[in-house]
Amino acid sequence: MMSPDLPAAQPTSCIHPQAPVARPDLPATQSARRNLADAPVARRGLPVTLLVVAKAPIAGFAKTRLTPPFSPREAARLAAAALLDTLDAVRATAVQHRMVAWTGDLADAEEADEIAAALADFTIFRQRGDGFAERLANAHADAFRPGLPVLQIGMDTPQLGPSLLAMSASRLLNTGEAVLGPAADGGWWALGLPDPRPARLLTEVPMSTSHTGELTRDMLCRCGYRPQRLPILTDVDTYADALTVASQSTGRFATALAGIQAAQTKVLL
C-alpha cells in the first residue's frame with residue numbers, strides 16, 4: 001500500500017516558461033495562450049506531440065505487481081496488450097507528431113513482431129536517466145519541438161481512446177495551460193506542457209505514491225500554470241486494476257485478460 005504521509009514540501013521557485021514569448025501589450029500568460037489558440041490546425045492534425053513512455057513487455061521486467069496471481073509471462077502478455085492498445089489509440093489521434101520514449105530490449109518482449117510493426121509509425125528514442133522521475137522529465141525534454149506542446153502518457157491505461165486523447169491535446173493547445181490527467185490511485189496518467197522546462201521539476205516529485213498527482217499539480221501551479229484537469233482513469237498496476245480496466249475496454253487488453261483467465265480456469269478443472 002502507498003504511504004499516507006505527505007512528502008516534504010518541494011521548492012517553490014519556477015520560471016514561468018511562457019514569459020519569453022510575451023507581446024508588449026499583453027501579460028505574459030495571456031499572450032502565450034493567444035498565440036497557441038490562434039495557431040492554425042494543420043491538415044495532418046493538431047500541432048501537438050503525443051508522447052508514449054513505454055518499456056519492453058518482458059517477463060519479470062514489466063507489470064511485476066501482477067505476479068501473483070499471474071505468472072511473469074502472463075503479466076508481460078498483458079503489458080504487451082496494453083501497449084498495443086495505447087499505440088493504436090495514439091495512431092488514430094489526429095496530431096502532428098507521435099513519439100515513443102523506449103526502454104528495454106524489444107527482441108525479448110512478448111508480441112515483439114506486432115509491437116515492432118506498430119512502432120514503425122512513431123519516432124522512437126531511448127529513455128535516459130537513473131530514476132523513473134528523471135526518465136519522465138528527460139523524455140518530455142527530448143520530445144519537445146519548438147511551437148509544439150507535448151502530451152505525455154504511459155502504457156498503463158489501455159482503455160483510453162483517440163477521442164479522449166484528441167480532447168486532451170485540444171485543451172493543451174487551446175488553453176496554453178498545462179493539463180494533468182489524474183489516476184484513481186493518486187498518481188497521473190497524462191501530463192501536457194506547452195513548454196518542456198517545468199518537466200525538470202518532476203525529479204523533485206515523489207513518484208508512485210498516493211500523492212504524486214497532487215504534488216505534480218502543486219508543482220505546475222508554482223510554475224504559474226492553472227492546470228487543466230482531465231478525466232480520472234484507472235491505470236493497471238494490480239490485479240484489481242486489471243479487472244476494472246478490462247471491464248472498461250474492448251481492445252487487446254480485455255481479450256488477453258479473458259484468455260489468461262480462461263486458461264487458468266481450465267487448468268483448475
Side-chain angles (χ1 to χ4, degrees), residues 2-22 27-33 35-36 48-53 99 101 127-146 148-157 160 165 167-235 237:
M2 295 175 181
S3 170
D5 299 326
L6 278 170
Q10 304 299 325
T12 57
S13 62
C14 179
I15 299 174
H16 196 292
Q18 295 171 336
V21 298
T29 55
Q30 182 181 354
S31 171
R33 292 187 196 107
N35 287 342
L36 288 170
V48 173
T49 294
L50 255 177
L51 168 65
V52 181
V53 178
M99 307 183 79
Q127 294 178 25
R128 57 188 180 88
D130 294 329
F132 183 49
E134 188 174 339
R135 293 198 302 272
L136 289 178
N138 288 335
H140 215 104
D142 292 344
F144 180 71
R145 299 294 183 271
L148 295 181
V150 175
L151 179 63
Q152 180 184 107
I153 63 172
M155 54 182 279
D156 297 337
T157 49
L160 63 80
L165 288 174
M167 180 276 288
S168 304
S170 294
R171 186 171 298 179
L172 171 62
L173 178 68
N174 293 329
T175 65
E177 295 285 2
V179 299
L180 188 65
D185 63 1
W188 51 264
W189 63 269
L191 172 64
L193 292 173
D195 183 287
R197 283 173 285 181
R200 68 181 184 271
L201 296 184
L202 287 173
T203 59
E204 300 171 0
V205 175
M207 293 290 152
S208 302
T209 79
S210 59
H211 302 294
T212 297
E214 175 186 351
L215 293 172
T216 302
R217 180 180 178 84
D218 290 345
M219 178 270 286
L220 295 172
C221 289
R222 291 197 302 272
C223 289
Y225 287 115
R226 294 176 294 182
Q228 303 294 295
R229 183 186 175 98
L230 301 176
I232 298 174
L233 294 183
T234 298
D235 52 7
D237 289 320

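Values reported hereafter were calculated over all heavy atoms of this structure, with side chains retained and with hydrogens, waters and symmetry mates removed.
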Over all heavy atoms of both residues, which pair between [X] and [Y] is shortest? Give the atoms and the distance, please.
X: P206; Y: L215; answer: CD-CD1, 3.8 Å
X: L51; Y: A139; answer: CD2-O, 3.6 Å
X: A190; Y: I153; answer: CB-CG2, 4.0 Å
X: V52; Y: G154; answer: CG1-O, 3.9 Å
X: T203; Y: A137; answer: CG2-CB, 4.3 Å
X: C223; Y: P198; answer: SG-CB, 3.9 Å

Roughly how far apart are [X] [atom1] and [Y] [atom2], rounded to 0.5 Å?
X: L151; Y: H140; atom1: CG; atom2: NE2; value: 8.0 Å
X: L191; Y: L172; atom1: CG; atom2: CG; value: 9.0 Å
X: L180; Y: R229; atom1: CG; atom2: CZ; value: 8.5 Å

Results of side chain to side chain donor-acceptor pair (under 3.5 Å) for [X] - residues two or more places apart only:
X: R135; value: Q127
X: T212; value: T209
X: D218; value: none
X: Q228; value: none

Residues in salt bridge (charged side-chain N to carboxylate O under 4.0 Å, His left out) contact with R128, at least two apart in sequence or another chain: D142
Stepwise side chain to side chain contact (heavy atoms under 4.5 Å, CB included) test for M207 and L136: CA-CA 10 Å; M207 293 290 152; L136 289 178; 4.1 Å; yes
Q152 (side chain) donor-acceptor with V53 (main chain) under 3.5 angstrom: no
Flag, side chain of R171 to backbone of E177, donor-acceptor distance under 3.5 Å: no
Partners meeting side-chain contact (heavy atoms from CB on, under 4.5 Å) with D235 (sequence neighbours left out): D156, T157, A183, D185, D237
CA sep, side-chain torsions, deciding dist, call: Y225, L193, side chain to side chain contact (heavy atoms under 4.5 Å, CB included): CA-CA 10 Å; Y225 287 115; L193 292 173; 4.2 Å; yes
L230 vs W189 side-chain heavy atoms within contact, under 4.5 Å: yes
